[in-house]
Number of protein chains: 4
Amino acid sequence: MARPKRQDARREALLQAAGVAIQRRGLHATRVRDIADQAGVAAGTVTYYFRDLDELFRLVFAQAVDRFCTQREREAAAHEDPRDQLAAVLRHGLPTGPDDQLCCLLYEFSPHARHRDSDAQLRRELYERQLHLYRDVLTRGHASGRFDLRRPAEEIAANLVALEDAYGYHVIARTFMPRQQAEEHLFGYAALATADPSLAPENHYGPG
Amino acid sequence: MARPKRQDARREALLQAAGVAIQRRGLHATRVRDIADQAGVAAGTVTYYFRDLDELFRLVFAQAVDRFCTQREREAAAHEDPRDQLAAVLRHGLPTGPDDQLCCLLYEFSPHARHRDSDAQLRRELYERQLHLYRDVLTRGHASGRFDLRRPAEEIAANLVALEDAYGYHVIARTFMPRQQAEEHLFGYAALATADPSLAPENHYGPG
Amino acid sequence: MARPKRQDARREALLQAAGVAIQRRGLHATRVRDIADQAGVAAGTVTYYFRDLDELFRLVFAQAVDRFCTQREREAAAHEDPRDQLAAVLRHGLPTGPDDQLCCLLYEFSPHARHRDSDAQLRRELYERQLHLYRDVLTRGHASGRFDLRRPAEEIAANLVALEDAYGYHVIARTFMPRQQAEEHLFGYAALATADPSLAPENHYGPG
Amino acid sequence: MARPKRQDARREALLQAAGVAIQRRGLHATRVRDIADQAGVAAGTVTYYFRDLDELFRLVFAQAVDRFCTQREREAAAHEDPRDQLAAVLRHGLPTGPDDQLCCLLYEFSPHARHRDSDAQLRRELYERQLHLYRDVLTRGHASGRFDLRRPAEEIAANLVALEDAYGYHVIARTFMPRQQAEEHLFGYAALATADPSLAPENHYGPG
DNA sequence: AATGAATGAGATTTCATTCAT
DNA sequence: CATGAATGAAATCTCATTCAT
């Protein structure tokens with residue numbers, strides 16, 4: 001163990017504090033000072049542990065990505081029935097509300113992915129792990145006869161991730177869509193694509 | 001006319017220059033200097049016209065939102081057949097590629113909407129105008145018998161906007177999804193939701 | 001004239017101020033703040049003109065080298081008789097006293113020449129221009145029959161420069177040798193090497 | 001013995017390490033960290049032993065001065081014949097080359113002698129011990145009839161020290177004079193001043 | 001005795017903004 | 001109207017030093 005436990009704990013605490021600071025102020029407005037205040041240490045301590053602020057941010061992002069994906073993968077694994085799996089994954093993909101820390105973090109980093117390679121890679125990892133999750137559930141559901149996929153599994157998975165991303169943003173951004181409604185829309189698409197009416201009540205719809 | 005024309009022209013040019021600068025460097029990294037350089041004027045000139053930099057950014061965002069929505073509304077109006085309308089709107093909602101200036105701008109401002117009221121309002125306007133566009137097309141298509149909506153028009157419209165947003169980001173962010181594929185996914189959903197197979201070839205899909 | 005006169009004047013003033021500050025505090029202890037104070041401007045102004053402090057220091061050194069050499073070359077040119085020339089050059093090569101600004105500057109930069117290439121080049125230029133000055137005077141004095149060189153002109157010139165350098169340091173460093181004595185030693189060597197007793201009284205010397 | 005031996009040994013090691021660090025990076029750029037790294041200890045250990053960094057530097061200088069002078073005095077004492085003594089002292093006064101650690105150290109401290117009293121005193125001690133060395137050799141050589149001093153012993157001694165100082169710098173500073181040439185110039189002067197042609201071949205010299 | 005985590009003073013650097021021209 | 005020299009507030013970064021272990 002090259003680095004003593006105490007130092008690791010402090011690093012962890014700083015990353016945690018940085019996460020909170022970013023969620024509160026926005027990534028672009030978070031200063032060393034904010035992180036230090038949040039962690040209850042001196043500003044110098046932050047630069048002592050992270051010579052480079054960008055590196056710290058990258059780690060915060062990496063951790064958020066991993067935590068988010070792991071969480072969902074675990075959630076999926078907790079169910080046997082593909083339909084239950086799908087429902088669980090759908091529900092846990094959306095932020096709980098405007099204060100969902102993990103999700104807020106992920107959105108803060110999005111525009112950076114256009115400008116920084118390391119962020120682009122992480123963003124891609126986030127995307128592919130989510131895609132993989134959905135594709136697996138759909139494929140297994142189809143194989144077991146539970147789902148009758150009306151479009152390619154790949155497309156449905158991609159669409160579910162996309163809807164999740166977009167609605168997630170709506171839930172988080174103030175003045176937008178409530179989580180409940182976002183969830184209904186997601187399940188609406190899932191029902192349509194898997195031809196499983198138990199995911200959403202099917203009717204014949206007129207205008208509006 | 002309180003403000004002479006020449007001054008207005010200069011303001012317009014600065015907004016234009018700011019847009020380019022933001023697209024290139026990212027919103028958070030754009031300095032007065034960058035805008036001035038891009039516009040070919042002195043730094044002092046920028047603050048001379050825009051005492052408040054935040055105001056300038058807000059205007060850039062507002063203009064981008066309006067330009068984007070107007071463009072699409074015009075596009076929709078250019079067609080008679082609801083299906084052509086829908087196809088046209090879908091196609092023009094996605095960025096042409098990673099260099100689509102207008103779309104890049106819109107994404108740069110997204111995380112700010114969580115932190116600044118004026119941005120939140122603009123973001124909401126952007127959302128609602130797009131939503132309205134789709135809902136209209138769908139409703140009229142349904143009324144004319146062209147579409148057989150399998151879910152509420154409101155939901156389908158919201159899902160189309162959401163898919164567009166998410167895929168738009170993928171097209172723009174480097175290392176992500178090519179526009180072509182994003183478009184196919186979008187049409188796939190549209191075909192499913194409107195029960196109009198002409199939008200995408202319908203088959204029975206197995207795993208993968 | 002790409003750069004307006006006023007800006008050039010300010011740059012010149014800052015270089016001048018930097019010279020004073022360096023002489024007072026020593027090169028290694030001179031901060032941006034000291035230069036700004038000396039010039040009567042804000043600290044930001046110094047970095048506005050000289051983004052890189054090292055660059056400023058290099059210019060100060062370069063200017064000092066050039067000024068010092070030009071001064072001496074002009075002095076030499078003011079005389080006809082080689083002996084008068086030699087005497088003039090010798091006298092102007094030594095600092096007037098511990099406050100001789102130009103000389104203090106040159107000594108401050110000496111140790112840096114071991115560590116920075118640009119300083120090494122300037123130091124070398126300083127050396128070669130002085131060497132050339134002496135060699136010329138000696139050669140012409142010999143040719144005219146005024147001097148009877150007892151050692152190669154090259155060696156005598158090098159030795160005169162070396163003595164000058166070392167004694168110059170003594171004159172400048174506190175608690176060292178008075179200028180008067182340093183001058184006598186220099187002339188003593190010159191008399192010996194040129195066999196011109198008029199440069200220093202020649203006797204037969206016993207111990208002490 | 002108030003201070004135990006082990007502690008003394010550690011102090012000694014740190015001074016040694018500091019010397020190396022200063023030679024490598026230059027006095028003004030040497031940080032506590034560099035010394036600690038060089039000595040293979042923690043940074044805290046350096047300040048534990050030397051509460052005051054300036055004090056440490058002073059001791060490094062003092063030690064260098066003493067070591068340099070003692071070395072030369074021992075060298076002089078190793079010979080009987082005044083001419084051999086003079087030759088030995090001359091040879092050992094010049095740095096062996098650009099990496100001569102002791103000499104580099106002495107030069108690093110030179111400009112500080114203008115700004116710090118303690119350094120000025122050490123520099124003066126260095127000067128006077130060298131001066132004394134030469135004066136003794138010259139006086140005894142003259143008394144024994146070996147030398148026929150053509151200038152006062154005091155002046156010759158001072159000039160030899162001065163030449164040594166200046167040429168020493170040239171040898172050390174990159175891009176300057178090779179040691180061999182410096183030595184020839186020094187012997188040239190010694191031969192002239194002591195009228196001892198065995199120190200350097202005497203001829204009649206024309207221009208160049 | 002020795003460490004090295006943590007600090008905070010002090011320096012530089014960046015940059016929006018002011019203002020005389 | 002437009003400039004750009006000059007500013008100074010605000011941020012980061014460096015590093016000697018402290019102190020609990």
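Numbered from 1 within each chain, the chains take letters A, B, ... in sequence-line order. Just so you know, these numbers use all the heavy atoms, side chains as well, and skip hydrogens, waters and symmetry mates.
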With sequence neighbours left out, the residues meeting side chain to side chain donor-acceptor pair (under 3.5 Å) with D/Q101 are none
Short side-chain N/O contact to F/dT14 OP1/OP2 from A/R51, under 4.0 Å: yes
Taking for each residue the nucleotide of DNA chain F with the nearest heavy atom, is it B/G40 or D/F50 whose nucleotide lies nearer the 5' end? B/G40
In whole angstrom, give the distance that lies between atom CG of B/D54 and atom P of E/dT17. 9 Å
D/F50: which residues meet the ring-ring contact (aromatic ring centres under 6.0 Å, His included) condition with it, sequence neighbours left out? none
Would C/R123 and C/D119 satisfy salt bridge (charged side-chain N to carboxylate O under 4.0 Å, His left out), going step by step from the backbone distance to the final call? CA-CA 6 Å; C/R123 186 68 182 70; C/D119 286 350; over 6 Å; no
Could you tell me how far apart B/D37 (CG) and E/dC15 (P) are, to the nearest whole angstrom? 12 Å
Looking at residues at least two apart in the chain, or sitting in another chain, which of them share a side chain to side chain donor-acceptor pair (under 3.5 Å) with B/H28? none
Residues in contact with DNA chain F, drawn from residues 19-36 of chain C - heavy-atom cutoff 4.0 Å: none
By side chain to side chain donor-acceptor pair (under 3.5 Å), A/Q16 pairs with (sequence neighbours left out) none
Starting from the 5' end of DNA chain F, give me the residue, C/A42 or A/A43, whose nearest nucleotide shows up first. C/A42
Between F/dT14 (C1') and A/D52 (CG): distance, integer Å: 15 Å
Grab the OH-C1' distance between B/Y48 and E/dA20 for me, whole Å please. 14 Å
Over all strands shown, is D/V41 touching base, sugar-phosphate only, or nothing at heavy-atom distances under 4.0 angstrom? sugar-phosphate
Report the stems of DNA chain E as range-with-range entries sorted by first number; a stem here is at least three consecutive pairs, Watson-Crick or G-U wobble, both distances under 3.5 Å, and write none if there are none. E:2-21 with F:2-21
Check: B/A43 main-chain N/O paired with B/Y48 side-chain donor or acceptor under 3.5 Å: no
Name the closest nucleotide to the D/L53 side chain, picking from F/dT12, F/dT17, F/dA5. F/dT17
Please list every donor-acceptor pair under 3.5 Å in which a side-chain atom of residues 51-59 of chain C meets a protein atom from a residue at least two apart or in another chain.
{"from": "C/D52", "atom 1": "OD1", "to": "C/D54", "atom 2": "N", "distance (Å)": "3.0"}
{"from": "C/D54", "atom 1": "OD1", "to": "C/R116", "atom 2": "NH1", "distance (Å)": "3.3"}

According to side chain to side chain contact (heavy atoms under 4.5 Å, CB included), who are the partners of B/A17, at least two apart in sequence or on a separate chain? B/I35, B/Q38, B/A39
State which of F/dT18, E/dT17, E/dT12 makes the closest approach to the side chain of D/T47. F/dT18
Take the protein atom CD of B/E55 and the nucleotide atom P of E/dA16, then report the distance between them rounded to whole Å. 17 Å
Hey, which of these two, C/G44 or D/G44, hits DNA chain E nearer its 5' end, going by closest nucleotide? D/G44
Sequence neighbours left out, what passes side chain to side chain contact (heavy atoms under 4.5 Å, CB included) with A/D66? Give chain and number order. A/T70, A/R129
